[in-house]
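Note sheet for the following structure.
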Amino acid sequence: MVWRLISLISALGLASGTWISGAIAQPTLHIDSDTPPFRQRELRDGNMQVSVRYDGNPDLDNRYHRNNLHYQIRYREWTRELILRDSALTFSWANVMLKDVNQSGTPEVIITTFSGGAHCCTTHDIYSWNGDSFDSTRLDWQQLGGGTFEDINGDRQVEYVTVDQRFFYAFSSFAGSFPPSRILNFEDGEFHDVSREHRQELRQRAWQMYVTLQERNHDVNGVLAGYVAQKALLGEFAEGWEFMLAHYDPDDESGISGYNIYNDEGDVIGKHPDFPTALQAFLINLGYIDESDLPCRCGG
């Protein structure tokens, strides 16, 4: 069970001290399935330091697991020192990273863990220093390795680059799905969707989708769903919709959730008759388009 302790320690008499012995001035610690247990490894950047203990990869056959990744985050100034302790359970791999995501001048601590399974799920816990204490923000239920924290356009602003997880399984299998881009920035302890501001990144993924459709003769609806959404992000929904009508497979009704009709309570009350109708409702529900964006006809 995740536990947390925050303690404010007077720095009188400690101001002239140094970092804990063994601290390494590097921004990332990666753990994989072959990493042996260790008692302490440390990262530091400026006033921020993270000490990590790893108890080893859990036995997947054991139903009961204790948290195996333990970390202590320390923010230190001349007059005070603040410590936060936390722990998590991770399978196969984990990352601990220091990166200034919000351009505050003080790096965030990003703890990435994996729950096990074929491709789900990855969780990012982000700890930020707000000037007085630590704020924590969680991005969870991320498929595969989740997204990446990177500056995608060279403006020194770090974005979280991922895909819209809601498209997985909607109109195809997991492998047959090709979700649209989702690009977030981190500000004031919250993530904000800024996908539409990054047209070059959107254009590159739209092209990858288009190439995939030229090469694939199965599961095309799972790609087309993402392609139409990607074109909507680019402001080119009508073009994407017409392309979908000309290329979708009317006999493919695979997927788990995309064809379902839901009531206000989230219960399934019916099924859409075809892929274009289902995709229309899906994109409206997720906010990619409004009803006013739709052409006069829906189906082919």
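Small disclaimer: the values here were computed from a predicted structure and weren't measured. Residues: numbered from 1 along the sequence shown.
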Carboxylate-amine/guanidinium contact Lys99 Glu150, below 4.0 Å:
no
Between Ser115 and Cys121, is there a donor-acceptor pair closer than 3.5 Å when you use the side chain of the first and the backbone of the second?
yes
To the nearest 0.5 Å, atom CD1 of Ile126 lies from atom CG of Leu139 at 4.5 Å
When you measure from the side chain of Arg196 to the backbone N and O of Ala232, does any donor-acceptor pair fall under 3.5 Å?
yes
Which residues share a salt bridge (Lys or Arg N to Asp or Glu O under 4.0 Å) with Asp100, sequence neighbours left out
none
Asp55 meets the salt bridge (Lys or Arg N to Asp or Glu O under 4.0 Å) criterion, sequence neighbours left out, with Arg53
For the pair Ser51 (side chain) and Glu42 (backbone), establish whether a donor and an acceptor sit closer than 3.5 Å, ignoring hydrogens and angles.
no
For Phe149, is there any backbone N or O sitting under 3.5 Å from a side-chain donor or acceptor partner on Glu159?
no
Ser87 and Asn67: side chain donor to acceptor below 3.5 Å:
yes
Partner of Gln103 under side chain to side chain contact (heavy atoms under 4.5 Å, CB included), chosen from Asp151, Val158, Asp155
Val158
Going by salt bridge (Lys or Arg N to Asp or Glu O under 4.0 Å), name the residues that satisfy it together with Glu187, two or more places apart in sequence or in a different chain.
none
Under 3.5 Å, is there a donor on one side chain and an acceptor on the other for Asp193 and Ser195?
yes
When rounded to the nearest 0.5 angstrom, what is the spacing between CG in Asp125 and CD in Glu108?
13.5 Å
Restricting to non-hydrogen atoms, name the atom on Thr162 and the atom on Tyr160 that form the minimum distance, rounded to 0.1 Å.
CG2-CE2, 3.6 Å
If we ignore angles and hydrogens, is there a donor and acceptor under 3.5 Å between the side chains of Ser181 and Glu201?
no
Do any side-chain atoms of residues 260-270 form donor-acceptor pairs under 3.5 angstrom with protein atoms, and if so which ones, sequence neighbours left out?
unit_1	atom_1	unit_2	atom_2	d
Asn260	ND2	Ile256	O	3.4
Asn260	ND2	Tyr262	OH	3.2
Asn263	OD1	Glu265	N	2.9
Asn263	OD1	Gly266	N	3.0
Asn263	OD1	Asp267	N	2.9

Under 30°, 30 to 60°, or over 60°: which ring-plane class applies to Tyr210 and Tyr227, parallel, tilted or perpendicular?
tilted
State which residues pass side-chain contact (heavy atoms from CB on, under 4.5 Å) with Asp32; sequence neighbours excluded, sorted by chain then number.
His30, Asp34, Thr35
Quick one: pull up CG in Asn57 and OG1 in Thr90 and give me the separation to the nearest 0.5 Å.
8.0 Å
Backbone N or O of Ser133 within a donor-acceptor pair of the Asn130 side chain at under 3.5 Å?
yes
Only counting residues at least two apart or in another chain, list the ones meeting salt bridge (Lys or Arg N to Asp or Glu O under 4.0 Å) with Lys271.
Glu253
Option from Phe282, Phe243, Phe237 for which side chain to side chain contact (heavy atoms under 4.5 Å, CB included) with Val228 holds:
Phe237
Carefully, step by step, assess Asn47 and Glu77 under the rule side chain to side chain donor-acceptor pair (under 3.5 Å).
CA-CA 7 Å; Asn47 293 338; Glu77 295 178 339; 5.0 Å; no
